[in-house]
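Have a look at the structure below before the remarks.
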Amino acid sequence: MAEYKQVHSFDLQISQMKKIQYELASKVEIGGKIRTPSIIGGVDVSFMGEKAVGIVVCLAFPSLELIEYSYSSVEVSMPYIPGYLAFRELPAFLKAWEKIKNVPDVVMFDGHGVAHPRRLGIASHASFFIERPTIGIGKSLLYGITVEPAKEKFSQNPIYDNVYTKHPNDSIIGMSMCSKEKTKPIYISCGNLISLEEAIKLSQMSITKYRLPEPTRYAHLYSQKVKKEIS
DNA sequence: GCGACAG
DNA sequence: ATCTTGTCGC
């Protein structure tokens, strides 16, 4: 069973959530070389009424064959508020994470990493609980400035901080990338414990014939499937 | 005050 | 995210 650290509770007020985000963001470690993963994880959370269904899939890397997947169902604790997605989805994710036997070496999330107003999107946030490298894969931009890349596979452009004076040493917070010709781009950003170069490389190696990389794509597929089975 | 706003 | 079938375009 995969373990995780209970970094903080989820019974919080927005002001407390914001404070936690700033505190954890200051501890994010971008860069460093990680060993090529043998198992890559994918996470997605879907909803049905007041229930949140969390999914974790484990794929062999680089073959991308499905090894295992788990799911959980928890009561929704708060509404969706832009910038605070993690507080709504992490409880479901963590409950599914504990059921995983083949612990992933790196995990991809459906949402952003440091490409976030306070540098702590769900991918970065989750890393402090599972203590593993994470990557954020966004389907739309939440924060940052970027130029839409050409619609050719793997064409890409950097995502810069809206306020470049806020973090002058690292204004590039992610990469906009065309993952499939003639489709809208995906937004890759570091979650934690990984470099943007590595995050992009692993993302590209996880992309086959679809817009989303297999870990996230599979997780989403299963979340929809599981919802019907348990409804 | 106004507009933006992951999933 | 979710409500929802067929349909236009690559």
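Every heavy atom of this structure was used, including side-chain atoms; hydrogens, water molecules and symmetry mates were not. Chain naming here is simple, since letters A, B, ... match the order of the sequence lines and numbering starts at 1 in each.
- OP1 or OP2 of dA6(B) sits under 4.0 Å from a side-chain N or O of Y80(A).
- The side chain of H116(A) contributes no N or O atom lying less than 4.0 Å from OP1 or OP2 of dC5(B).
- Among the protein residues, F47(A) comes within range of the sugar-phosphate backbone only, with heavy atoms under 4.0 Å from sugar or phosphate atoms but none that close to a base.
- A cation-pi arrangement is not found for K5(A) relative to F128(A), the charged atom failing to lie both closer than 6.0 Å to the ring centre and inside a 45° cone about the ring normal.
- Rounded to whole Å, atom C1' of dA1(C) lies 16 Å from atom CG of L90(A).
- R88(A) has its CZ atom 8 Å from the C1' atom of dG7(B), to the nearest Å.
- Protein atom OH of Y84(A) is 14 Å distant from nucleotide atom C1' of dA4(B), rounded to whole Å.
- Residue-level contact check: G121(A) touches the bases, meaning some heavy atom is under 4.0 Å from a base atom.
- Note on H125(A): nothing from the nucleic acid sits closer than 4.0 angstrom, heavy atoms only.
- Between R118(A) atom CZ and dA4(B) atom C1' there is a gap of 13 Å when expressed in whole angstrom units.
- Rounding to whole angstrom units, NE2 of residue H220(A) and P of dG7(B) are separated by 10 Å.
- Using a 4.0 Å cut-off between charged side-chain N and carboxylate O, E198(A) and K201(A) make no salt bridge.
- OP1 or OP2 of dT2(C) sits under 4.0 Å from a side-chain N or O of Q224(A).
- Applying the 4.0 Å criterion to OP1 and OP2 of dG7(B), one finds that K139(A) has a side-chain N or O inside that range.
- For R88(A) (side chain) and S77(A) (main-chain N/O), no donor-acceptor pair under 3.5 Å exists by modelled atom type.
- If you check every strand for non-hydrogen atoms under 4.0 Å, G136(A) touches nothing.
- Regarding K227(A), its NZ atom lies at a distance of 9 Å from the P atom of dA1(C), rounded to whole Å.
- Side-chain proximity of D44(A) to dA6(B), dG7(B), dC10(C): nearest is dG7(B).
- Put simply, S140(A) has no side-chain N or O that comes within less than 4.0 Å of OP1 or OP2 on dC5(B).
- Closest of all the heavy-atom pairs between I30(A) and S195(A) is CG2-CA, 4.4 Å.
- Counting non-hydrogen atoms under 4.0 angstrom, I122(A) reaches a base of the nucleic acid.
- When the C1' atom of dA6(B) is taken as reference, atom CZ of R119(A) falls 16 Å away, rounded to whole Å.
- Atom CG of L212(A) and atom P of dA1(C) are 10 Å apart (whole Å).
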- Message: Determine whether R118(A) and Y143(A) satisfy the following criterion, side-chain hydrogen bond (donor to acceptor under 3.5 Å, both in side chains), listing intermediate values before the conclusion.
- Response: CA-CA 10 Å; R118(A) 289 169 291 286; Y143(A) 178 83; over 6 Å; no

